[in-house]
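Working notes, beginning with the structure itself.
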Amino acid sequence: MLIVDDEASVRKVMAAVFAQLGLLCETAGSGEEALRILDSHRIDAVISDLQMPGMSGMELLAKVKQIYPQMVFMMVTGVDDIRVGIQAMRQGADDYLVKPLQVDASIVLASLTRALHVKHLEQEVENYRHHLEEIVAEQTQQLREALHGIERSYDHTLEVLGAAIDLRDSPTAGHSRRVFLYSIEIAKAMGGLEKQMRNVAMGAWLHDIGKLAISDAILLKPGPLTREEREIMQRHVQIGYDMVRGIPFLTDAAEIIFAHHERCDGSGYPRGLKAAEIPVGARIFGVADTFDAMTSDRPYRRALPFKISREVIERGAGKLYDQPVANVFLNICDETWEAIRRETAAIHSFGLATASDIQALSEPVESGD
Ligand SMILES: [Fe+2]
């Protein structure tokens, strides 16, 4: 323990008394010296005089509580200073002792033992709390991993769904994956859409999910559709929207599905939305979809060259296509689109967006939060 008193005789007597009780003592003649000793020695308890020149006992108490919150601190007061002793306890002292201490050292020892015991219990509570925090942190991590696993399962489900769409609509094989990748490229180049990236991509990936409900006779009809058939075909937008909107993590993607045939001049369907009324993901998709349709082979024509396809989008910008989206698209070089086409052709089968593609989109979003 550390005895702090400005009077050398008091320090000496107190040290002798405590030494007799079997306690190891250090002594300090001022608050400043006490802090230096605390810094370099292992001390369990401080017994400090209240009134000292320089740093007072109360000031020392405040500093010790701040630096060593677990330290036992006992304030020594004169007989007349009992109120101050109580005040010291209010400010964090564990007990106060009244001079002269040597009258009954066993009372001082009892008080000290009690204070040390209380500190010990407090420490145990603190350890327990800390342990609880560790348990909570561990379980939170497990929960996070479980959620991550669920998200991966969702992505695998989406992967299969997207493939199912392309399978039904065989002339457009690989279309879903290409517009998925094209839309990501455009959204990345636009910037500021990091948090929406996953929705933009999911909307593109699942845009024609409603076609699963359209009969083969219409969906795969080789010739042009009659007016009635076209009306039925156009229902795929509403059907897709109704299929997906109830899924909480696809709510925003559902809006893109709902608006993927809208055009900026209001000539699209089903609602005839205009410009900014159309979700940005659907505006991006509109350009990606047109570009893919033109640059892919169709049963009735060969794929058009990139240059011609770009010109068509340039001419339609501000009318069919969103002008800012079209501008961004036109600034992306052909190599980017060629690389995507090569990659999707290499996958050959049904143009899957793999679960890992979808997963990769989640990461920047999470870290951004
Ligand atoms: Fe569609």
Side-chain angles (χ1 to χ4, degrees), residues 158-184 186-187 199-222 224-245 247 250-274 277-301 309 312-313 316 320-322 325 329 344 350-353:
L158 293 175
E159 182 181 323
V160 173
L161 268 177
I165 300 164
D166 277 358
L167 265 176
R168 286 267 352 254
D169 204 359
S170 56
T172 62
H175 169 67
S176 294
R177 178 170 171 80
R178 284 192 301 274
V179 291
F180 166 90
L181 294 170
Y182 291 164
S183 297
I184 293 171
I186 298 171
N199 297 326
V200 171
M202 284 300 94
W205 179 235
L206 300 174
H207 67 278
D208 270 344
I209 191 170
K211 282 189 177 170
L212 293 174
I214 304 295
S215 71
D216 284 355
I218 294 176
L219 188 68
L220 306 176
K221 186 177 172 183
L225 299 178
T226 65
R227 190 176 158 188
E228 193 188 20
E229 286 167 340
R230 206 163 42 245
E231 280 173 10
I232 294 171
M233 180 69 133
Q234 290 185 353
R235 283 184 208 154
H236 79 278
V237 172
Q238 180 75 51
I239 294 168
Y241 177 62
D242 292 339
M243 283 167 87
V244 170
R245 67 175 167 171
I247 303 170
L250 288 177
T251 313
D252 291 331
E255 294 302 327
I256 296 172
I257 292 169
F258 200 22
H260 82 271
H261 281 289
E262 300 288 358
R263 294 292 171 254
C264 277
D265 58 4
S267 63
Y269 66 90
R271 291 170 288 173
L273 299 181
K274 284 185 175 173
E277 294 170 343
I278 305 169
V280 64
R283 281 180 270 146
I284 291 171
F285 170 83
V287 171
D289 186 45
T290 303
F291 181 65
D292 186 60
M294 287 190 290
T295 53
S296 299
D297 287 334
R298 285 287 185 269
Y300 44 90
R301 64 149 171 82
S309 307
V312 169
I313 288 168
L320 298 177
Y321 316 113
D322 184 65
V325 173
F329 165 81
T344 49
F350 314 115
L352 293 180

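Each ligand, and each atom within it, is numbered from 1 in the order the structure gives. From a predicted model like this one, the values you see are computed outputs, not experimental measurements.
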(message) Looking at the Fe ion (ligand 1), is there an N, O or S atom belonging to D289 that lies under 2.8 Å away from it?
(response) no
(request) May I ask you to say whether R227 pairs ionically with E231, meaning some side-chain N is under 4.0 Å from a carboxylate O? (result) yes
(request) Indicate the atoms forming the closest heavy-atom contact of H175 with H207, along with that distance. (result) NE2-NE2, 3.2 Å
(request) Working to the nearest 0.5 Å, report the span between CG of L225 and CD1 of I232. (result) 9.5 Å
(request) Check all N, O or S atoms of D208 and name the one closest to the Fe ion (ligand 1). (result) OD1
(request) Please work out the angle at the Fe ion (ligand 1) defined by atom NE2 of H236 on one side and atom NE2 of H261 on the other, rounded to 10°. (result) 90°
(message) On a heavy-atom basis, which atom in G286 and which in Y321 lie closest, and how many Å separate them?
(response) O-CE2, 4.0 Å
